[in-house]
Amino acid sequence: MFVAQELRKKSIAEYLLYMWQIEDTIRVYDCSLLRIRKEYISRFNYSGEQLEEEIDWFGNLVRMMNQEGVREQGHLQINKILMQDLEDFHASLLHSTKFPFYHSEYYRVLPFIVELRNRGANKSENEIETCFNALYGTMLLRLQKKEISQETQHAIKEITTLIGMLSDYYLKDKTEGLEMD
């Protein structure tokens, strides 16, 4: 919870990727709050109050995952809504003439998005979700210490730049407001 709160303030993209990781962490422990508390949360040095807050947060996520039917796969509705918000914001940036660097990076990344969508099972996912899936998949490969090809590394570098720009503009819009046109 504490990591999620900090990430949400500094990078919406890192926050969303972290939340996907938390969903997977919950699944590793079979959506059992007792196991999460005993085998995961106990590893951290939380004060009594922090510990209770963390347990409550995980408990709420477990409950939502059970209610929303995403115990085995998929994402929580709160994360889906945020993804859609990012996709809508991405479209707004592309429709504006005030963000030429964003446009430029988008068109640099577009061939990678097209290739990823053609390879993937879900061809209906939006472009931003395709980027996030590529970033998350690469993160998992790195955690497993699997080799990542030079082509993939190049694509991920470009995708990271685009998503970083999107995240920065998104937070700036939420805190200061961006003039789109």
Side-chain angles (χ1 to χ4, degrees), residues 1-26 57 60-61 64-65 67-70 73-143 148-181:
M1 175 183 101
F2 303 105
V3 172
Q5 287 173 336
E6 287 305 308
L7 286 175
R8 180 114 195 194
K9 290 177 202 168
K10 80 171 195 152
S11 171
I12 203 68
E14 288 181 40
Y15 167 79
L16 191 54
L17 289 168
Y18 178 76
M19 289 305 295
W20 285 9
Q21 189 176 13
I22 290 296
E23 291 170 341
D24 282 344
T25 299
I26 290 169
W57 184 68
N60 286 331
L61 292 174
M64 289 188 303
M65 287 177 73
Q67 289 174 342
E68 296 176 21
V70 293
Q73 65 180 16
H75 299 295
L76 287 166
Q77 199 61 35
I78 55 173
N79 296 330
K80 288 180 182 178
I81 290 167
L82 182 55
M83 179 62 70
Q84 186 58 54
D85 200 24
L86 283 171
E87 175 64 25
D88 293 345
F89 188 68
H90 163 73
S92 296
L93 289 172
L94 290 179
H95 285 99
S96 174
T97 58
K98 297 192 178 211
F99 305 96
F101 294 114
Y102 187 80
H103 287 199
S104 175
E105 188 58 32
Y106 168 71
Y107 287 109
R108 193 175 357 271
V109 171
L110 187 56
F112 301 123
I113 294 171
V114 170
E115 185 177 340
L116 287 165
R117 288 171 102 178
N118 287 337
R119 287 185 188 177
N122 186 359
K123 295 183 186 346
S124 66
E125 72 186 11
N126 68 54
E127 292 175 334
I128 298 304
E129 190 168 1
T130 298
C131 291
F132 271 86
N133 281 326
L135 293 172
Y136 191 70
T138 303
M139 181 183 79
L140 292 178
L141 289 173
R142 286 185 178 132
L143 287 172
I148 300 166
S149 73
Q150 289 287 32
E151 297 86 13
T152 300
Q153 288 181 41
H154 175 69
I156 291 302
K157 183 178 180 215
E158 293 294 340
I159 289 169
T160 299
T161 300
L162 177 71
I163 296 302
M165 291 173 80
L166 176 63
S167 183
D168 290 347
Y169 282 133
Y170 181 88
L171 286 179
K172 187 170 183 164
D173 186 54
K174 295 297 178 201
T175 57
E176 303 168 26
L178 286 180
E179 191 178 314
M180 293 297 194
D181 269 327

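The first residue of the sequence shown is numbered 1, and numbering continues consecutively from there. This is a predicted model, so every value here is computed, not measured.
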Item to check | Ring centres under 6.0 angstrom apart (His90, Tyr170) | outcome: no

Next on the checklist: Determine whether a donor-acceptor pair (N or O, by modelled atom type, separation under 3.5 Å) exists between the side chain of Glu105 and the backbone of Thr161.
Outcome noted: no

Next on the checklist: With a 4.5 Å cut-off on side-chain heavy atoms, are Leu86 and Leu16 touching?
Outcome noted: yes

Checklist entry - Rounded to the nearest 0.5 Å, what separation is found between the CD1 atom of Ile78 and the CE atom of Met19? => result 5.0 Å

Next on the checklist: Measuring only between side-chain heavy atoms, which start at C-beta, is Glu158 closer than 4.5 Å to Leu162?
Outcome noted: no

Checklist entry - After noting the C-alpha distance and the side-chain angles of Leu110 and Glu127, does the key distance pass the side-chain contact (heavy atoms from CB on, under 4.5 Å) rule? => result CA-CA 9 Å; Leu110 187 56; Glu127 292 175 334; 3.6 Å; yes

Next on the checklist: Measuring from atom CD of Glu14 to atom CD1 of Ile163, what distance do you get when rounded to the nearest 0.5 angstrom?
Outcome noted: 12.0 Å

Checklist entry - Say you draw a straight line from CD1 of Ile113 to CG of Asn133; how long is it, rounded to the nearest 0.5 Å? => result 12.0 Å

Checklist entry - Hey, is the main chain of Pro100 close enough, under 3.5 Å, to the side chain of Ser104 for a donor-acceptor pair? => result no

Next on the checklist: For Asp85 versus Lys174, what's the shortest heavy-atom pair and its separation?
Outcome noted: OD2-NZ, 3.9 Å

Checklist entry - Taking it one step at a time, do Met1 and Asn60 satisfy side-chain contact (heavy atoms from CB on, under 4.5 Å)? => result CA-CA 11 Å; Met1 175 183 101; Asn60 286 331; over 6 Å; no

Checklist entry - Is Glu23 close to Met65 at the side-chain level, that is, under 4.5 Å between some pair of heavy atoms? => result yes

Checklist entry - Mind checking whether His154 and Phe112 have parallel, tilted or perpendicular rings, split at 30° and 60°? => result perpendicular

Item to check | Sub-4.5 Å side-chain heavy-atom contact between Lys98 and Met180 | outcome: no

Item to check | Flag side-chain contact, heavy atom, 4.5 Å: Met83 against Ile128 | outcome: yes

Checklist entry - Got more than 12 heavy atoms from elsewhere within 6.0 Å of CD, Gln5? => result yes

Checklist entry - Under 4.5 Å between any side-chain heavy atoms of His75 and Glu68, yes or no? => result no

Checklist entry - Can you find a pair of side-chain heavy atoms, one from Thr152 and one from Leu141, that are under 4.5 Å apart? => result no

Checklist entry - What closest approach, in Å, do Ala4 and Trp57 show between heavy atoms, and which atom pair accounts for it? => result CB-CZ2, 3.9 Å

Checklist outcome for this item: Heavy-atom nearest pair, Ala134 first then Leu116, reads CB-CD1, 3.7 Å

Checklist entry - Is the count of non-hydrogen atoms from other residues, nucleotides or ligands lying under 6.0 Å from Glu179 atom CD greater than 12? => result no

Checklist outcome for this item: Which of Phe99, Phe101, Tyr106 passes ring pair (Phe, Tyr, Trp, His ring centres under 6.0 Å) with Tyr169? Answer is Phe99

Item to check | Minimal non-hydrogen separation, Ile12 against Ser167, with atom names | outcome: N-OG, 3.0 Å

Checklist entry - Taking side chain as C-beta onward, heavy atoms only, is Leu61 less than 4.5 Å from Met64? => result yes

Checklist entry - Would you say Ser11's side chain and Leu7's backbone share a donor-acceptor pair under 3.5 angstrom? => result no

Item to check | Check against side-chain contact (heavy atoms from CB on, under 4.5 Å), Asn79 and Phe132 | outcome: CA-CA 12 Å; Asn79 296 330; Phe132 271 86; over 6 Å; no

Checklist entry - For the residue pair Gln21 and Tyr136, what are the closest heavy atoms and their distance? => result CA-OH, 3.3 Å

Next on the checklist: If I take atom CZ from residue Arg119 and atom OG1 from residue Thr130, how far apart are they, to the nearest 0.5 angstrom?
Outcome noted: 13.0 Å

Next on the checklist: Does Thr97 form a side-chain contact (heavy atoms from CB on, under 4.5 Å) with His103? I'd like the steps, not just the answer.
Outcome noted: CA-CA 9 Å; Thr97 58; His103 287 199; 5.8 Å; no

Checklist entry - What are the two closest heavy atoms between Arg142 and Ile148, and how far apart are they? => result CG-CD1, 3.4 Å

Next on the checklist: If you count heavy atoms of other groups shown closer than 6.0 angstrom to CZ of Phe2, is the number above 12?
Outcome noted: yes

Checklist outcome for this item: So CG of Leu166 and CD of Glu87: to nearest 0.5 Å the spacing works out to 9.0 Å

